**Q** 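Submitted below is the structure of interest, expressed as structure tokens.
Residue numbers begin at 1 in each chain, while the letters A, B, ... track the order of the sequences. These numbers were taken from a predicted model, which means no experiment stands behind them.
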Protein chains: 2
Amino acid sequence: MFSKACEYGIKASIFIAINSYEGKRVSPKEIAKEINSPQAFTAKILQALVRHKVINSVKGAYGGFEINKNELKYINLSQIVKAIDGDNIYNGCGLGLDKCDENHPCPVHEKFITVRDELKHMLENTSLEELALDIKSGASFLKA
Amino acid sequence: MFSKACEYGIKASIFIAINSYEGKRVSPKEIAKEINSPQAFTAKILQALVRHKVINSVKGAYGGFEINKNELKYINLSQIVKAIDGDNIYNGCGLGLDKCDENHPCPVHEKFITVRDELKHMLENTSLEELALDIKSGASFLKA
DNA sequence: TATAAATAGGATAAAATTATCCGAAATAAA
DNA sequence: TTTATTTCGGATAATTTTATCCTATTTATA
Ligand code: FES
Ligand code: FES
């Protein structure tokens, strides 16, 4: 469904969100430990999220990654997925035709876009804030 | 969503289905041409589908790939996807946790399984027969 | 039985994804 | 201003996925 990079990106963002609530910045090292991911690879993904302005970075001593506390409720999974995996999951054909086109549909088009649209709706309506709160309350987990 | 191999496998199966209606066997060469896929790679995927008994192969002169005409309505996308991509798309965690577990859910578990179950339902309730008929009637297409 | 036609399958190769390493640049504090 | 800390970014490596090639095996027909 999502690439490994995207999975790490989502989990990392949630962990950053939790800490940003408490005004704490976190490092790739802490993040990788908490989400059980390869550290250097995770750092690359964080860079991409910074470039796409999903998260913010502060260089130098006492720096780290953070998210503006007030924006937490407006950042959704859709933004993270698009930043890392692009929007092929939104627009691409389920059977790999060059483009998903109502006027030249692949055999699964009608059925596929129903599922795809539900996925899209889910990603667009799930905020980092609610996911972070679930982790804090112990309702969900970032690693095994 | 699906691997390239799986996309080819689905399209190939549909093309085989169309021809099996008319009692014709088809070769990897014809299939690859019709679905616009690399021939040798497609042949490998066909072998896998044969091993999983989704399609049937006949070796030697006048041989080729076919599907029992009477089974067409009972073969669904689910069988093809499982044969090629395995059942990770059915059981796997959306964020890559070792297993998707109601009692140890990842942050997106609840929302993810809703979409996943709809995808599952779609795959299980879409038969090769209906997809083949749409191609025959010109309602859908196997390549650009 | 010999031949031609076709799938099966192993060995590689190419490309994409995932992962690691290291030095450069930035920054806060001593 | 120096130092310690931390992200940035380029180079490289490992792994997985995608793709190709060649030979063996099977089978219908002449
Ligand atoms: S054309 Fe294939 S999903 Fe729309
Ligand atoms: S635990 Fe992640 S989807 Fe179920």
**Q** Distance check, rounded to the nearest 0.5 Å: Thr126(A) atom OG1 versus Leu131(A) atom CG?
**A** 6.0 Å

**Q** If you check every side-chain atom of Gln47(A), which of dT18(D), dG9(C), dC8(D) has the closest atom?
**A** dC8(D)

**Q** What integer distance in Å separates Met1(A):CE from dT17(C):P?
**A** 18 Å

**Q** Return yes when atom NZ of Lys136(A) has more than 12 non-hydrogen atoms of other residues, nucleotides or ligands closer than 6.0 Å, and no otherwise.
**A** yes

**Q** Mind listing the N/O atom pairs, protein and nucleotides 26-30 of chain C, below 3.5 Å?
**A**
{"from": "dT27(C)", "atom 1": "O2", "to": "Ala61(A)", "atom 2": "N", "distance (Å)": "3.3"}

**Q** Rounded to the nearest Å, what distance is computed from the NE2 atom of residue His52(A) to the P atom of nucleotide dC8(D)?
**A** 14 Å

**Q** What's the NZ-P distance between Lys11(A) and dT18(C), to the nearest Å?
**A** 13 Å

**Q** Are OP1 or OP2 of dA19(D) and a side-chain N or O of Tyr8(B) less than 4.0 angstrom apart?
**A** yes

**Q** Around atom NZ of Lys33(A), are there more than 12 heavy atoms of other residues, nucleotides or ligands at under 6.0 Å?
**A** no

**Q** In whole angstroms, how far is the C1' atom of dT12(D) from the NZ atom of Lys44(A)?
**A** 11 Å

**Q** Taking CZ from Phe41(B) and P from dA11(C), how many angstroms apart are they, rounded to a whole number?
**A** 18 Å

**Q** Taking for each residue the nucleotide of DNA chain C bearing the nearest heavy atom, is the 5' side occupied by Lys4(A) or by Ala43(B)?
**A** Ala43(B)

**Q** Within the structure provided, determine whether Leu95(B) and Phe112(B) are in side-chain contact (heavy-atom separation under 4.5 Å).
**A** no

**Q** For a quick test of reading the model, state the closest non-hydrogen atom pair linking Tyr8(A) to Ile35(A) and the distance between them.
**A** O-CD1, 3.6 Å

**Q** Quick check for you: among dC21(C), dC8(D), dG10(D), whose closest atom lies nearest to any side-chain atom of Ala40(A)?
**A** dC21(C)

**Q** What do the steps show when you test Lys24(B) against Glu30(B) for salt bridge (Lys or Arg N to Asp or Glu O under 4.0 Å), and what is the final call?
**A** CA-CA 12 Å; Lys24(B) 279 190 291 189; Glu30(B) 294 173 86; over 6 Å; no

**Q** Can you tell which of dA8(C), dT7(D), dT18(D) lies closest to the side chain of Ser57(B)?
**A** dA8(C)

**Q** Between Thr42(A) and Pro28(B), which is nearer to the 5' end of DNA chain C once each is assigned its nearest nucleotide?
**A** Pro28(B)

**Q** Can you tell me how far P of dT18(C) sits from CG of Asn36(A), to the nearest Å?
**A** 16 Å

**Q** How long is the span from the NE2 atom in His121(B) to the CD atom in Glu118(B), to the nearest 0.5 Å?
**A** 9.0 Å

**Q** CD of Gln39(B) versus C1' of dA19(D): gap in Å, rounded?
**A** 12 Å

**Q** Which whole-number value in Å describes the distance from Glu7(B) CD to dA19(D) P?
**A** 10 Å

**Q** Are Arg51(B) and dG9(C) close enough that a side-chain N or O sits under 4.0 Å from OP1 or OP2?
**A** yes

**Q** Identify which nucleotide among dA19(D), dG9(D), dG9(C) has an atom closest to any side-chain atom of Pro38(B), counting heavy atoms from C-beta outward.
**A** dA19(D)

